[in-house]
Amino acid sequence: MIPRTKAFMKAVSTHRYGLTLFAFILAAVLTGLASVYFMRAFEFALAHRLDFHRAGWWSLLTTPLLFLLAVESIRRIEPCAGGSGIPQVILAVKSHGKEPDPALSSLVSPLTIAVKVVTILTALLAGASIGREGPTVHLAASLFVAFLLLA
């Protein structure tokens, strides 16, 4: 296994893109895995909704309380987690290359994504009608940016 690792590292270091290509490929793989796990969590929450058929009359209490919990979590912890996610990513990409703005960098921060995922799953359990595509784009872009900043 060691000779293969050495050969791989030599190939990466002598390639014209070098470690940048390796970092992009690894970021893409990790982003894909995170998106798949988000999809599975989304489907799980959708299958276990606390609607009237599952929770009975308790749904009259759980639905507004879980909605309130989700909204207040976004409002108090990370306001940038609100919205579908696609406009946030577009704004962050368009501002890339200009001088860094802390308000724009928080659009794709790990805290934003963590709050977004938790509140989406909470609201979905409560019976919210939520699309998965926008948050998945936001998740993928944020993870990709975070990984490349660490690499």
Going by salt bridge (charged side-chain N to carboxylate O under 4.0 Å, His left out), name the pairs with one or both residues in residues 55-65, residues two or more places apart or in two chains. none
Run the side-chain donor-acceptor check on residues 28-37: report pairs under 3.5 Å with partners two or more places apart or on a different chain.
{"unit_1": "Thr31", "atom_1": "OG1", "unit_2": "Ala27", "atom_2": "O", "d": "2.7"}
{"unit_1": "Ser35", "atom_1": "OG", "unit_2": "Thr31", "atom_2": "O", "d": "3.0"}

Excluding sequence neighbours, so at least two apart, what forms side-chain contact (heavy atoms from CB on, under 4.5 Å) with Val71? none
According to side-chain contact (heavy atoms from CB on, under 4.5 Å), who are the partners of Arg76, at least two apart in sequence or on a separate chain? Glu72
Return all side-chain donor-acceptor pairs below 3.5 angstrom for residues 109-123, not counting sequence neighbours, or 'none' if the list is empty.
{"unit_1": "Ser109", "atom_1": "OG", "unit_2": "Ser106", "atom_2": "O", "d": "3.4"}
{"unit_1": "Ser109", "atom_1": "OG", "unit_2": "Thr112", "atom_2": "N", "d": "3.2"}
{"unit_1": "Ser109", "atom_1": "OG", "unit_2": "Thr112", "atom_2": "OG1", "d": "2.9"}
{"unit_1": "Thr112", "atom_1": "OG1", "unit_2": "Ser106", "atom_2": "O", "d": "2.5"}
{"unit_1": "Lys116", "atom_1": "NZ", "unit_2": "Ala81", "atom_2": "O", "d": "2.7"}
{"unit_1": "Lys116", "atom_1": "NZ", "unit_2": "Gly83", "atom_2": "O", "d": "2.9"}
{"unit_1": "Thr119", "atom_1": "OG1", "unit_2": "Val115", "atom_2": "O", "d": "2.7"}
{"unit_1": "Thr119", "atom_1": "OG1", "unit_2": "Lys116", "atom_2": "O", "d": "3.2"}
{"unit_1": "Thr122", "atom_1": "OG1", "unit_2": "Val118", "atom_2": "O", "d": "2.8"}

Counting only pairs under 3.5 Å, give me each side-chain donor-acceptor contact of residues 130-140, with atom names and distances, residues two or more places apart or in other chains.
{"unit_1": "Arg132", "atom_1": "NH1", "unit_2": "Glu43", "atom_2": "OE2", "d": "2.7"}
{"unit_1": "Thr136", "atom_1": "OG1", "unit_2": "Arg132", "atom_2": "O", "d": "2.6"}
{"unit_1": "His138", "atom_1": "NE2", "unit_2": "Leu107", "atom_2": "O", "d": "2.6"}

Can you tell me which residue pairs pass the salt bridge (charged side-chain N to carboxylate O under 4.0 Å, His left out) test with a partner in residues 79-92, sequence neighbours excluded? none
Please report, to 0.1 Å, the donor-acceptor pairs under 3.5 Å made by any side chain of residues 60-69, with sequence neighbours excluded.
{"unit_1": "Thr62", "atom_1": "OG1", "unit_2": "Trp58", "atom_2": "O", "d": "3.3"}
{"unit_1": "Thr63", "atom_1": "OG1", "unit_2": "Ser59", "atom_2": "O", "d": "2.9"}
{"unit_1": "Thr63", "atom_1": "OG1", "unit_2": "Ala126", "atom_2": "O", "d": "3.2"}

